[in-house]
Amino acid sequence: MTMRQGASTTKRTESRASSWVPVAAWGFGLIGAALGAAAIVALQADTLSRVIGVLSVVLALCALTWGAASLALGRTPAPRAAVAGVSAAVALALALLATAPGRASILAIAVLTGMGVVVIFGIVRGRRRPSHHAGLWGLAAAAAVVTIVVVPALGSCQAAALVDTDGTTLPVITHDGH
């Protein structure tokens, strides 16, 4: 056995998801951060919803960082931890519905869950059948689709945070002229 053969037999199979997976992780992270921020700053927020909100923001920042690292490295870093983080973030988002104010956006939670499924599917698929190319057009198409899906969900997070207990929307006070 030569050195080259020995090195190739000990090398682990590299997990490499398609280029759309990190983009989906960014969309997932943006929605998770918005849901968490809304839970923290909502007027009716209690301690539990604020704690869940902080945890949601932390996991969302992890998803954003993971997406950037995945593109920068050209491989899928820590696939098991990424799947666990996505699963935990979805569970936290669903838990926001059970908190006292219960003002989390159902649209945002649905989109977050869908994006989480896409990310997990992409990671698992990348482990079974590694992608050997990252096309610029695929990346651009993924960014466009994620933008079309994520932007309305982000808007619904703010709307949910501004709903008063009687169902009316609280006004957003601007500081024009200050």
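Only this structure's heavy atoms are used, side chains among them; waters, hydrogens and symmetry mates stay out.
- Across every non-hydrogen atom of L112 and A93, the tightest pair is CD2-CB, 3.3 Å.
- L35 and A108 make their closest contact through CD2-CB, 3.9 Å (heavy atoms, listed as atom of the first residue, atom of the second, distance).
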Practice item. Go through I106 and I109 one step at a time and tell me if the side chain to side chain contact (heavy atoms under 4.5 Å, CB included) criterion holds. Key: CA-CA 5 Å; I106 293 173; I109 291 173; 5.7 Å; no
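- Not counting sequence neighbours, the partners of S87 by the side-chain contact (heavy atoms from CB on, under 4.5 Å) test are V83, I120.
- Residues T76 and V21 are not in side-chain contact: their nearest non-hydrogen atoms beyond the backbone lie 4.5 Å or more apart.
- For V117, there are no side-chain contact (heavy atoms from CB on, under 4.5 Å) partners two or more places apart in sequence or in a different chain.
- Taking the side chain as every heavy atom from C-beta outward, L71 and W66 never approach each other to under 4.5 Å.
- Between G32 and S56, the shortest heavy-atom contact is O-OG, 2.9 Å.
- In terms of the side-chain contact (heavy atoms from CB on, under 4.5 Å) criterion, residue partners of A63 (sequence neighbours excluded) are, by chain and number, F28.
- Listed for the S70 side chain is no donor-acceptor partner under 3.5 Å among the backbone atoms of P22.
- The side-chain contact (heavy atoms from CB on, under 4.5 Å) test applied to L92 returns I52, L55, L59, not counting sequence neighbours.
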| Pair V118-W20, side chain to side chain contact (heavy atoms under 4.5 Å, CB included): steps then yes or no | CA-CA 9 Å; V118 167; W20 52 266; 3.4 Å; yes
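- Contact record, A25 with V119: N-CG2, 3.6 Å, taken as the closest heavy-atom pair.
- Across A39 and S49, no two heavy atoms sit closer than the pair CB-O, 3.5 Å.
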